[in-house]
Amino acid sequence: MTTESGNPALAYARHRLPKGRRSRSGSRDRWFAPGRTGYYVKNPTNFRISKFAASDNLYVAFKQLEEDGGHGAGTDGFRPEHFSEGELRPILRKVSETLIDGTYRPYEPRICAVPKTAGGTRNLALFRFMDRTVAKALLNCLKPFWNEHLIAPSTWQIFARLHWTIQRRRLFVLALDDIRKCFDFARLDDVMTWHRHHIHKQRLLELIERIIRGNDSFGTGIGLPQGSPYSPTAMDLLLHHVLDLVMKDREGNTPSFRYVDNLAYLCSDVSEGVRFLSMTIEVLEEAGFQLKGEDGEPQDLRDPEYNKVLLGLIPRWQNGLLAFYTPESSFETLTMGLQLANEAPFPAENALRRCTGWLQAQGPALMRNVEQEVVDRVVDMARHAGFRNVIRKDMLNVAALARRSWHRELEKAR
């Protein structure tokens with residue numbers, strides 16, 4: 001007997017062990033090897049539900065989610081560490097059966113209010129971990145295909161492109177804005193329309209639609225759940241068609257740098273930046289979106305007082321190079337993360353992972369003259385939060401690797 005989600009409730013409970021900490025066979029077992037991507041297709045026509053739904057493939061996605069962090073429980077209260085290896089395999093086999101016979105449906109998510117650094121909160125839809133596993137497997141499956149059909153750069157790729165575009169075209173005014181509650185106002189019919197534009201395999205489209213509409217319990221047809229691993233890709237596909245391509249047709253000569261719902265345009269002067277943002281407002285309104293309008297007027301990157309944050313860092317053009325600085329708000333975010341780490345199942349490991357990931361993300365800003373200062377501050381913050389396993393020497397190595405990775409990314413984009 002199955003529930004409405006397709007995660008079989010009786011079998012799910014049957015394979016649970018008594019309460020208490022589960023013994024783990026280690027961070028890896030013979031099913032899983034680091035870096036394994038799982039089942040994927042470069043051509044959706046070749047998609048096979050039997051291969052996608054194989055418990056081995058779902059297991060890879062589960063382990064990747066476990067490695068990525070973000071272990072908040074869904075409505076069932078289970079985190080990944082609650083599943084022993086002996087429990088996990090039969091549960092995944094049951095999920096596999098519902099995927100193959102077409103009865104799979106995600107459970108409704110648990111809505112969690114996440115505090116913002118600037119104040120207020122945003123709602124994060126936390127699906128049960130098995131539903132997140134299926135969405136992660138879908139992301140793995142289609143990632144090679146979308147990489148060939150969409151321009152979806154990483155933040156560092158955007159920074160590198162911005163650097164070289166400024167050098168070549170001598171444009172220094174940056175116009176910034178964000179789309180207001182982008183995921184909340186996405187029209188699901190539009191999301192599926194653009195999926196059908198690229199994908200013609202019916203069985204795959206049915207799976208995508210079930211995952212995309214997993215949060216639409218009220219039948220509004222609006223809103224992509226931010227807690228689903230596949231949602232950012234679905235949103236990027238939608239915005240690529242309703243914003244990027246439309247703006248390119250209208251004003252293709254203005255360099256555009258978009259990362260999901262974060263927009264940036266490189267312009268010759270402030271008036272051009274204002275005009276381009278006004279045009280963006282018109283285009284987005286047709287698709288049901290609005291800009292926040294909280295970044296103010298476009299500003300010249302050569303201004304020594306430039307302080308606008310782009311994708312977590314402050315860019316400034318100095319001495320013929322695009323330099324980056326870490327805003328104070330980023331340190332505040334890490335402080336909040338360390339506080340949350342104390343509530344995690346494995347606090348010390350969680351805190352170390354947060355500090356490591358934070359430093360890795362700061363790569364473009366970790367110039368040699370500030371690297372040690374930033375690392376010292378991170379270590380002090382960790383110790384103040386009660387964590388002694390965040391070691392200065394280790395963090396300096398992380399910072400050095402991040403800086404070198406950024407320089408490789410910069411050279412690759414030349």
Side-chain angles (χ1 to χ4, degrees), residues 2 4-8 36-65 91-109 125 127-152 183 186-217 219 221-242 245 260:
T2 62
E4 60 180 344
S5 89
N7 282 346
R36 185 175 170 188
T37 57
Y39 173 67
Y40 65 90
V41 291
K42 290 187 175 181
N43 182 352
T45 304
N46 298 327
F47 175 81
R48 297 292 180 268
I49 189 64
S50 58
K51 293 184 178 180
F52 173 85
S55 55
D56 285 25
N57 182 53
L58 297 178
Y59 184 89
V60 170
F62 181 96
K63 285 295 183 179
Q64 289 173 337
L65 285 175
I91 291 173
L92 290 177
R93 282 196 290 268
K94 289 296 181 181
V95 175
S96 174
E97 291 174 7
T98 62
L99 286 166
I100 292 174
D101 65 23
T103 61
Y104 172 79
R105 300 289 188 283
Y107 279 96
E108 285 190 32
F127 285 88
R128 298 188 177 194
F129 217 78
M130 289 302 153
D131 291 326
R132 273 180 269 175
T133 295
V134 175
K136 177 66 172 178
L138 177 63
L139 177 63
N140 291 343
C141 179
L142 292 179
K143 191 171 184 178
F145 173 72
W146 291 131
N147 283 347
E148 293 183 1
H149 290 77
L150 296 177
I151 301 174
F183 288 83
R187 298 169 181 167
L188 300 184
D189 284 345
D190 292 347
V191 175
M192 286 308 305
T193 293
W194 293 115
H195 272 86
R196 295 188 185 98
H197 178 78
H198 292 275
I199 296 173
H200 308 290
K201 184 77 171 183
Q202 186 59 32
R203 193 69 190 272
L204 177 55
L205 287 169
E206 291 172 358
L207 173 64
I208 293 170
E209 186 154 19
R210 285 174 183 170
I211 291 174
I212 283 176
R213 296 188 185 274
N215 193 32
D216 192 25
S217 56
I222 297 177
L224 279 169
Q226 289 195 57
S228 171
Y230 189 70
S231 287
T233 297
M235 176 57 69
D236 200 66
L237 172 63
L238 176 61
L239 291 177
H240 176 72
H241 285 279
V242 304
L245 297 182
V260 192

* Asked: Which atom pair, heavy atoms only, marks the closest approach of S55 to L92?
  -> O-CD1, 4.0 Å
* What is the minimum heavy-atom distance between F52 and L138, and which atoms define it? -> CE1-N, 3.5 Å
* To do: Indicate the atoms forming the closest heavy-atom contact of V260 with L239, along with that distance.
  => O-CD1, 3.3 Å
* Structure fact -> Rounded to the nearest 0.5 angstrom, the CG-NZ distance for L207 and K201 is 12.5 Å
* **Shortest non-hydrogen separation from A234 to L224 and the atoms involved** => CB-CD1, 4.1 Å
* Spatial distance of atom CG (L237) from atom NE2 (H149) [nearest 0.5 Å] -> 11.0 Å
* Structure fact -> The reported gap from OH in Y107 to CZ in R128 (rounded to nearest 0.5 angstrom) is 4.5 Å
* Asked: Would you say V41 and P144 make side-chain contact, with heavy atoms under 4.5 Å?
  -> no
* Does D189 pair with R213 as a salt bridge, N-O distance under 4.0 Å? -> yes
* To do: Taking all non-hydrogen atoms of both residues into account, name the closest pair between P229 and L139 and its distance.
  => O-CD2, 3.6 Å
* Structure fact -> Sorted by chain and number, sequence neighbours left out, side-chain contact (heavy atoms from CB on, under 4.5 Å) with H197 holds for W194, H241
* To do: Give, for atom CD1 of I212 and atom CZ of R210, the distance between the pair rounded to the nearest 0.5 Å.
  => 13.0 Å
* **Smallest separation among heavy atoms of A137 and A61, with atom names** => N-CB, 3.7 Å
* What distance do E97 atom CD and R93 atom CZ have between them, rounded to the nearest 0.5 Å? -> 9.0 Å
* In Å, rounded to the nearest 0.5 Å, how long is the span from CD1 of I49 to CZ of R203? -> 5.0 Å
* Asked: F145 and Y40: aromatic ring centres closer than 6.0 Å?
  -> no
